[in-house]
Amino acid sequence: MISLVFVMLWHRRGQAVTLALLGLLAVTSAVAAPAYLIAVDRAVAVGQIATAEPNELGLVARAVQDERVATEDDTQVPSPAEQGGLQFGDVATALIALPGFTYVYSAEYWVIGIDANPANAGLFVYRQDVCAHLQILTGRCLAAEGDVLLGEHTAQRLNLKAGDSIELRSALPSPDPKKRVWLPDGKPRRLLIAGTYRPIEPGAGFWGARGYFTATPETGPGEPIFTAAVTQQTMDHGKITLAMDGRAGPAALHPDRLGRLRADLQNLEQTTDDVGTAVQIDTGMTALLDRIDIGQSSTRLLVPVLAVPLILLACFTIFLTVGYGLEGRQSELAVVALRGSRWWTRWWLAAGESLIAVLAGALCGCLIGQLLVDAIAAIVFPDGGVPSDWSSLRYAPLAAGAALLSVMVAQRRQFVGSVAGLLRRNPSTANGRWAIAAEALAVLLAIVASVQLVLSQGSLTGVGLFAPAILMLALGLLAARALLPLISRYAVRALHRGRLGVALAGLQLARRPGAGRLFALLVATVAVAGYATCAVDTAAAGRGVETTLGIGADRVLTVQTAQPQQLLTAVRRIDPDGDFAMAVTRLPPSGSATDAPGLAVDSTRLAAVAAWPGDGPGPAEVAGRLHPELPAPPEFPGPDIAVDVSASGLVPGTKGLRLQVSVSSLTGIGDAVIELGELQNRPATYQQRIAVCQEGCRIDGIGLARTGTSPITAEVVLRGLRATGPDREVLPAARLADPNNWRVGPEVRLARAPDGLRLGFTESVSVSPLVWIKPASTPDPIPIAVAGGRLTADVIGGLDAKPMLIADAGTLPVVPRLGRRAVLVDLEYADRMTMNAGLGTTPQIWLNAAAPPDILDRVSAQGLTVIADVRSDQVRRRLEQQGPALALWFHVLAGALAVLLGAGALVLAAAVDRRRRVEDLSALRTQGLRPGPAGQAMLWTYPALVAVAVVIGLPVAAIAWLVTGWALPLAGPYPPDLPLPGWPRVTVLLAVGAAVLLVLTAVAVATGRDLRRRVTL
């Protein structure tokens, strides 16, 4: 019997090879999914490590140690550590015994002596092996005790050079927070400048996350004073910061060791808590490991979503093609049954041919699946370091078993059927009832899976994971059930009209046993490819949104410690025409004053620089609403200001008032609120010199602060604002006395007086410790644009975190960088409303693609130090290395394999049909059928089936995406609050549909041409 089966295989070797290929594709699909998961997990880890921040690739153990201990008579004795106690190095070495790390020891404290400004101090640093990472510009590196190295900018600023002698002493900051000065904390020591340096690579891993070369507002670019350990230790000092920086090497960050690394970090944290020393461990590696875990968890959801329908499609393809082949052999099986063969003989003759072919293909598929994934991994993520991992082959027996089970199920009818049933060319009614029951079950499962997905809020677990697969299969079966009767009616109508070719093609499709299942298979094939397209294109568009709206502009520079006015002035000097740069700062949180984060931007550059959503009002329109035309603010040119005021009815101590003025530098130096003194019951002039106004200031407001608790009943007349120095009026008398040129709250009443502007106070001033009279150049309330609906209050937090009144300037779909629930205000007007803004919250400079290459130098020339530089292309590369983007390459593979399965099923179905169709068409030709209609029936039967399947398959994919696509973590499990697209581009979906149509049509036309050659025309 075995030899007979092999004879059958050889006789129908074309069908056997096709069936073997389908078995190969089925097992390849099953092996490829776990193999790809293993590969992509490693690629996610490697990609995240490659794009990690420096502080995420290492750790630092830090301790502050006081080298002196004061006694009762104020004498200094050695510290406990110097007396033989536990040393920092001993503790750090014991705590940080992590394999695969390299360590750098450092120690530092602050010194003064070379800068005459008491607000400036230098960082006196010993760092292990520092000379290897410095470029010595003049002089030499450290060689003897007493040598120091100065940075090139520090040496130029202080007019020092190699060979000079300097005197340094340790220092501590003043305990008075109002005095930003450094106080001596040790004996001075004479030191020699051995040389000047420039760091070779300031961002190199050697420097860790220490921030040595980060600027300070007073001194400009940060440059430590480097020295040797013995020099630092022998110099008189108090508190010293000791640190050990550890940087993880390739061995520590190997993808296979990440679990062990996390356990080591947890043990290190526990050990630190148990020891209870002052050693502090800081690391960002835990955040890196968490991000890797999140990315890998996304891949474990996205890959099975399309792996499941692919495997089901493979099994359905085998079931269909085996069934097709057995239907073509029914006459042979009927003869076997008629002769009364035993059941095992009948079973072997029915199933043996298909089983051997599928088994041969399955064995090859085990190897092909792994090699295919290895090839794709080498192309898609070549830096992933993915070795061949054959552990995925443990799923191959399950895949082969599923394929063989499909073979057995497909030949059930031929095995148990009667001789009469086997001799029938069309299936019986009973078989039709079984088919309807199976289709009804598939539809029911699709409904259950979709409902479970909704009820679980998109959790891709349990039945919800199978929702896309079952839904596409069920819709394909329903489409086939609905379409074939329509084709039959159309064919009959064409026959009545004399269109014989179309009629014969339609009747062949409508009445051929298994044609409905073949059509359902082709629809499912197109649907899988379409669904994969939906996922891939939607995710790509989402990454595009994250790289534009997510960061705000093409490039974002975050600068250190800048006041809003300083930032605004500096950016306008860098880009006076507003072509490529825009100043931006976050509004500080203000508690319950607002329920949305805020962004303050130089809206005059909004249209030129900012990334902007495609819907809603345009950036130019929004900028016009945020920055309406207002009068110019009052300004004065020099550092001195005088205010002429007359007052009456004041009682010092109980009903007194203090006069203040809020100013902002015209050159961006800063803001200030200056006390001018307590008002007297007489005309008087109150004047002050303001340090930030060396080159001029604008007046933001005049303040009156109560000195007591009693209600104010006084009357105040503002008679003049003058800049002294040369003396001139800041405001003409007519403008000063006009109440329309000022803005006040309900606590103050303004009126014109013969000698100036009269101020009266209402009873509500008794509960207001400070009232402001602001120029009309101040927008009060300030216009804002809101994304996410109306705010719960009519105020938001200003640049000083205090409430400021707002006016609605329109709604936005999203605020760039902040998301769909945020507010947008004009930075200049927000600064005018703020009496003392202080340092900005996350000051930034947004740039477009036209920014010049030397932009960092231009920013540094304005006294700003860039501490972060984020580019949209960098963000895109980082996103493309994350789990969702890498996992979706499997969707591309799944779509291609699905099309191959559909093409294979089409080839095998045509091969099985060929003999019967040759007989039918040859008989019709003998009876007079013309060559034209016969050729149409032969050539266009399967191409028409393919065309209809593609037309229906794409909507099936769209419906499946509508029902289940929202649950896919295309942007990870924690997507940003941005308007991420939920649908692919129609043009892309149609292009993929056209490609699938072209491939399947080419296969269908080839089968038709083969059939035509076999029929005698």
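The two residues Thr231 and Gly146 make their nearest non-hydrogen contact at OG1-N, 2.9 Å. The nearest pair of heavy atoms linking Leu142 to Cys131 is N-SG, 3.9 Å. Summarising the geometry of Val692 relative to Cys697, their closest heavy-atom pair is O-SG, 3.9 Å, with the distance given to 0.1 Å. Contact between Arg62 and Asp282 at its shortest, heavy atoms only, is NH1-OD2, 2.6 Å. Considering all non-hydrogen atoms of both residues, Pro99 and Arg257 come closest at CG-NH2, 3.7 Å. Smallest separation of non-hydrogen atoms from Gly246 and Tyr103: CA-CD2, 3.4 Å.
Expressed to the nearest 0.5 Å, how far OG of Ser106 lies from CD1 of Ile240 amounts to 9.0 Å. Here the straight-line distance linking atom CG of Leu666 with atom OG1 of Thr569 works out to 8.0 Å at 0.5 Å rounding. Taking CZ of Arg42 as the start and CD1 of Ile292 as the end, the distance is 12.0 Å to the nearest 0.5 Å. How far CD1 of Ile225 is from CG of Leu149: 10.5 Å, rounded to the nearest 0.5 Å. Here the CG-CG distance, from Asn848 to Asp575, works out to 8.0 Å after rounding to the nearest 0.5 Å. Here CG of Leu183 is found 14.5 Å from CH2 of Trp110. Values are rounded to the nearest 0.5 Å.
Checked by atom type, the side-chain pair Gln844/Thr558 shows a donor-acceptor distance below 3.5 Å. Of the N and O atoms on the side chains of Ser872 and Thr547, not one donor lies less than 3.5 Å from an acceptor on the other residue. Inspection of the Arg189 and Thr234 side chains reveals an N or O donor paired with an N or O acceptor under 3.5 Å. A donor-acceptor pair shorter than 3.5 Å cannot be found between the side chains of Arg572 and Gln862. Under the 3.5 Å distance criterion, with hydrogens and angles disregarded, a donor-acceptor pair is assigned to the side chains of Glu108 and Tyr212.
Using a 4.5 Å cut-off on side-chain heavy atoms (C-beta onward), Val609 and Leu847 make no contact. At a threshold of 4.5 Å between non-hydrogen side-chain atoms, the residues Asp115 and Leu158 count as touching. No side-chain heavy atom of Leu59 sits less than 4.5 Å from a side-chain heavy atom of Arg247. Residues Phe124 and His237 form no side-chain contact, since every pair of their non-hydrogen atoms from C-beta on lies 4.5 Å or further apart. Leu587 has its side chain within reach of Leu799: a pair of non-hydrogen atoms, C-beta onward, lies under 4.5 Å apart. Using a 4.5 Å cut-off on side-chain heavy atoms (C-beta onward), Arg140 and Asp147 make contact. Counting heavy atoms from C-beta on, the side chains of Val584 and Val601 come closer than 4.5 Å. Residues Gln48 and Gln882 are in side-chain contact: their nearest non-hydrogen atoms beyond the backbone lie under 4.5 Å apart.
Counting only distance, with no hydrogens or angles, the side chain of Arg817 and the backbone of Ile551 share a donor-acceptor pair below 3.5 Å. Checked by atom type and distance alone, the side chain of Asp554 pairs as donor or acceptor with a backbone atom of Ala849 at under 3.5 Å. His133 contributes a side-chain N or O that, together with a main-chain N or O of Asp129, makes up a donor-acceptor pair within less than 3.5 Å. Of the possible donor and acceptor atoms, one in the side chain of Ser170 sits under 3.5 Å from a partner among the backbone N and O of Asp185. Checked by atom type and distance alone, the side chain of Gln694 never pairs as donor or acceptor with a backbone atom of Pro639 at under 3.5 Å. When atom types are taken as modelled, the side chain of Gln566 and the backbone of Gln563 share a donor-acceptor pair closer than 3.5 angstrom. With Glu223 contributing its side chain and His153 its backbone, the two residues share a donor-acceptor pair below 3.5 Å. A donor-acceptor contact shorter than 3.5 Å links the side chain of Asn267 to the backbone of Ala263. Counting only distance, with no hydrogens or angles, the side chain of Gln232 and the backbone of Ala107 share a donor-acceptor pair below 3.5 Å. For Thr154 (side chain) and Leu150 (main-chain N/O), no donor-acceptor pair under 3.5 Å exists by modelled atom type.
A salt bridge does not link Arg169 with Asp236: every distance from a Lys NZ or Arg NE/NH1/NH2 to an Asp or Glu carboxylate oxygen is 4.0 Å or more. Electrostatic pairing of Asp264 and Arg262 does not count as a salt bridge here, judged by no charged N lying under 4.0 Å from a carboxylate O. Salt bridge absent: Arg876 and Asp873 never bring a charged side-chain N and a carboxylate O closer than 4.0 Å. Note on Arg605 versus Asp577: no salt bridge recorded, every NZ/NE/NH1/NH2 to OD/OE distance being 4.0 Å or above. A salt bridge links Asp831 with Arg698: the distance from a Lys NZ or Arg NE/NH1/NH2 to an Asp or Glu carboxylate oxygen falls below 4.0 Å.
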* Evaluate the criterion side chain to side chain contact (heavy atoms under 4.5 Å, CB included) for residue pair Met235 and Leu168; output intermediate values, then yes/no. => CA-CA 9 Å; Met235 182 171 169; Leu168 297 177; 3.8 Å; yes
* **Derivation and outcome, side chain to side chain contact (heavy atoms under 4.5 Å, CB included), residues Trp207 and Val130** => CA-CA 9 Å; Trp207 305 107; Val130 71; 3.8 Å; yes
* Asked: Step by step, would you call Val663 with Cys693 a side chain to side chain contact (heavy atoms under 4.5 Å, CB included)?
  -> CA-CA 8 Å; Val663 297; Cys693 299; 3.8 Å; yes
* **Chi angles and distances behind the side chain to side chain contact (heavy atoms under 4.5 Å, CB included) call for Asp602, Val571** => CA-CA 10 Å; Asp602 185 1; Val571 173; 5.7 Å; no
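The cationic group of Arg127 lies under 6.0 Å from the six-membered ring centre of Phe206 and within 45° of the ring axis, placing it in a cation-pi geometry.
Atom CD of Glu695 sits in a sparse spot, with 12 or fewer heavy atoms from other residues, nucleotides or ligands closer than 6.0 Å. Within 6.0 Å of atom CG in Asn159, 12 or fewer heavy atoms from other residues, nucleotides or ligands are found, so the atom counts as exposed in its surroundings.
For Phe226 and Tyr197, the ring centers sit closer than 6.0 Å to each other.
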